[in-house]
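As the structure is a computational prediction, the values presented were derived from the model and not from experiment. So you know, we letter chains A, B, ... as the sequences are listed, proteins then strands, and number each from 1. Hydrogens, waters and symmetry mates are skipped; everything else that's a heavy atom, side chains included, is used.
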Protein chains: 2
Amino acid sequence: MNMQTRTPPSTQPDDGYGFSDRIQHQLDHAGRLCAGQGGRMTQQRRDVLGLILSASAPVGAYDLLEQLKTSGRKPAPPTIYRALDFLLEHGLIHRIERLSAFVPCTHLQHEHTHDHAHAQTEPCLHSAQFLICRTCGGVTEIADAPRVLDVLKTICDKKNFTMQSASVEVEGVCEDCAQAATGQKGHAPTPN
Amino acid sequence: MNMQTRTPPSTQPDDGYGFSDRIQHQLDHAGRLCAGQGGRMTQQRRDVLGLILSASAPVGAYDLLEQLKTSGRKPAPPTIYRALDFLLEHGLIHRIERLSAFVPCTHLQHEHTHDHAHAQTEPCLHSAQFLICRTCGGVTEIADAPRVLDVLKTICDKKNFTMQSASVEVEGVCEDCAQAATGQKGHAPTPN
DNA sequence: GAAGTAATGTAATATTATTACATATCATTG
DNA sequence: CAATGATATGTAATAATATTACATTACTTC
Ligand SMILES: [Zn+2]
Ligand SMILES: [Zn+2]
Ligand SMILES: [Zn+2]
Ligand SMILES: [Zn+2]
């Protein structure tokens, strides 16, 4: 294989996707997290996560397929879906149900030591909350999720419903896009 | 057209689906609601809503297609999706994103005069909250939704995010199914 | 009843996701 | 190291969900 890139050194090879240093860093971090949970961050999975981290909006499975195709291998749907499943199970990405698309878990980007609110509380409670902008397509993972979860937990308790996972998705218009629309036009709504 | 049914009298013909009196009642009610909003509750839409009301769990678009086929007409996907869009727009049904399936709005079943929490608050805020049981497949629309919505609204305000619609979906195990699993076995988990 | 609007029919196609089975890669351990 | 078993990936086919574009029909209004 001829891969002569001039990227700065990283723990893992670069695969030719030209991931930024910051993303390489996050990928390395993600790899360590998986290892801690007995998971194997393979090259394939790493590539997929890298592509999701690089995007400025949720990415669909077939988008990822296309992007992976451009670089040597030509994976088929099961490949991508298996990688996505792995990343979901390890809390590295989230699926936005309303978009059938995927975003990185914000905690990866903020480089915590893995004390994120989801995947915690009880055996294993996967849960996340998002703001989805209809104008720019940007998605923001809500930080003060605990309050939302608490309310939900209370409701479930009252109904004797065992909560295993929860998704909260709010659609609307983000601050930037709202400003760009009302105030001065031509103010380029940047994704998030 | 020859339609000789011997069903008990109702505001509208029965189409041969054998909808119960209770459901016919709800359909009539829904029809009045639409009319009030300047919408036309056609036979097709009425049938689709009736089928959704009759089901004990969320129904997929293609399930509906199958069921409609059995009764004279043979609609194609666009037909069903158009009917579903109409019913969604008029707040008569909800889409469960995690299941790509549809449930009746609980307020239809409880026969309010249309003062339900969603489709209100602001110009038109569609929003709903659900508990989804993984065991029996039953879905419950959460009644005390206001609290959840309030928390979300607060969060959005703080971020200057304009909320247009929101969905909250909790997956887990309902009370009945949990009991059936732990306690006495063979206690037939009834859908919800 | 003619014109305009809303609803439905129809065929083709797009998008998202899974099944089943073959192959390859990695980790152990004897 | 070779044999083994477990994990991961490749591949082909197909399933499930949803939309586009355009023709037709049915209702409404004047
Ligand atoms: Zn997250
Ligand atoms: Zn925006
Ligand atoms: Zn409702
Ligand atoms: Zn149940």
Side-chain angles (χ1 to χ4, degrees), chain A residues 1 12-13 15 30-31 34-35 37-49 51-52 55 57-69 71-90 92-103 137, chain B residues 1 3 12-13 15 30-31 34-35 37-49 51-52 57-69 71-90 92-103 137:
Chain A
M1 301 300 169
Q12 304 261 348
D15 335 77
C34 290
Q37 299 175 248
R40 255 152 72 188
M41 177 62 91
T42 66
Q43 191 59 48
Q44 190 101 244
R45 291 162 174 173
R46 191 182 155 93
D47 290 350
V48 170
L49 181 55
L51 290 171
I52 294 174
V59 201
Y62 280 73
D63 278 358
L64 291 168
L65 255 177
E66 277 311 307
Q67 293 189 256
L68 284 181
K69 262 175 192 156
S71 179
R73 280 159 299 157
K74 342 180 160 44
T79 302
I80 222 72
Y81 281 104
R82 282 188 286 229
L84 290 170
D85 284 348
F86 175 89
L87 298 171
L88 283 169
E89 275 160 18
H90 288 79
L92 300 171
I93 62 173
H94 296 289
R95 180 192 157 94
I96 310 292
E97 301 292 341
R98 288 192 169 207
L99 305 177
S100 297
F102 304 83
V103 293
Chain B
M1 301 302 167
M3 46 180 305
Q12 304 259 348
D15 333 80
C34 290
Q37 299 176 251
R40 255 153 72 187
M41 177 62 90
T42 66
Q43 191 59 48
Q44 190 103 242
R45 293 163 174 172
R46 191 181 154 93
D47 290 351
V48 170
L49 180 55
L51 290 171
I52 293 174
V59 201
Y62 279 73
D63 278 359
L64 290 168
L65 254 178
E66 277 310 308
Q67 293 188 254
L68 284 180
K69 262 177 192 155
S71 179
R73 280 159 299 155
K74 339 178 163 43
T79 301
I80 222 72
Y81 281 103
R82 282 188 285 230
L84 290 170
D85 284 348
F86 174 89
L87 298 171
L88 284 169
E89 275 162 16
H90 287 80
L92 301 171
I93 63 172
H94 296 289
R95 180 192 157 94
I96 309 292
E97 300 292 341
R98 288 191 169 207
L99 305 177
S100 297
F102 303 83
V103 294

Atom CG of B:Leu65 and atom C1' of C:dG9 are separated, to the nearest Å, by 13 Å
Once you round it to whole Å, what is the distance between C1' of C:dA7 and CG of B:Asp47?
14 Å
OP1 or OP2 of C:dT16 less than 4.0 angstrom from a side-chain nitrogen or oxygen of A:Ser100, does that happen here?
no
In whole Å, I'd like the distance from the CG atom of B:Asp63 to the P atom of D:dT17.
7 Å
Proximity to the side chain of B:Arg95 - top-ranked nucleotide from D:dT11, C:dT8, D:dA18
D:dA18
Going by heavy atoms in the side chains, are A:Leu64 and A:Leu84 under 4.5 Å from each other?
yes
Side chain of A:Tyr81: nearest nucleotide among C:dT18, D:dT7, D:dG10?
C:dT18
Just how far, in rounded Å, is C1' of D:dA8 from NE2 of A:His90?
13 Å
Could you tell me whether the phosphate oxygens of C:dT8, OP1 or OP2, come under 4.0 Å of any side-chain nitrogen or oxygen in B:Thr42?
yes
Looking only at side-chain atoms of A:Gln44, point me to the closest of C:dA17, D:dA18, D:dG10.
D:dG10
Any side-chain heavy atom of B:Asp63 within less than 4.5 Å of one from B:Glu66?
no
Has A:Arg40 got a side-chain N or O lying under 4.0 Å from the OP1 or OP2 atom of C:dC26?
no
Mind calculating the distance between CG (B:Leu88) and C1' (D:dA18) to the nearest angstrom?
14 Å
Between C:dT16 (P) and A:Ile96 (CD1): distance, integer Å:
14 Å
B:Thr79 side chain near C:dG9 phosphate (N/O to OP1/OP2, under 4.0 Å)
yes
Residue from B:Val103, B:Ile93, B:Ile52 passing side chain to side chain contact (heavy atoms under 4.5 Å, CB included) with B:Pro58
B:Val103
Counting heavy atoms from C-beta on, name the nucleotide in D:dA18, D:dT9, C:dA11 closest to the side chain of A:Arg82.
D:dT9
If I compare all heavy atoms of A:Arg95 with all of A:Ser100, which pair ends up nearest, and what's the gap?
NH2-OG, 3.4 Å
Could you state the atom-to-atom distance from NZ of A:Lys69 to P of D:dG10 in whole Å?
13 Å
Any side-chain heavy-atom pair from B:Val59 and B:Phe102 closer than 4.5 angstrom?
no
Specify the residue among B:Gly39 and B:Pro78 whose closest nucleotide of DNA chain C lies further upstream toward the 5′ end.
B:Gly39
Calculate the interatomic distance between B:Arg98 atom CZ and C:dT16 atom P; express it in whole Å.
19 Å
Side-chain donor/acceptor contact of A:Tyr62 with base of C:dA14 under 3.5 Å:
no
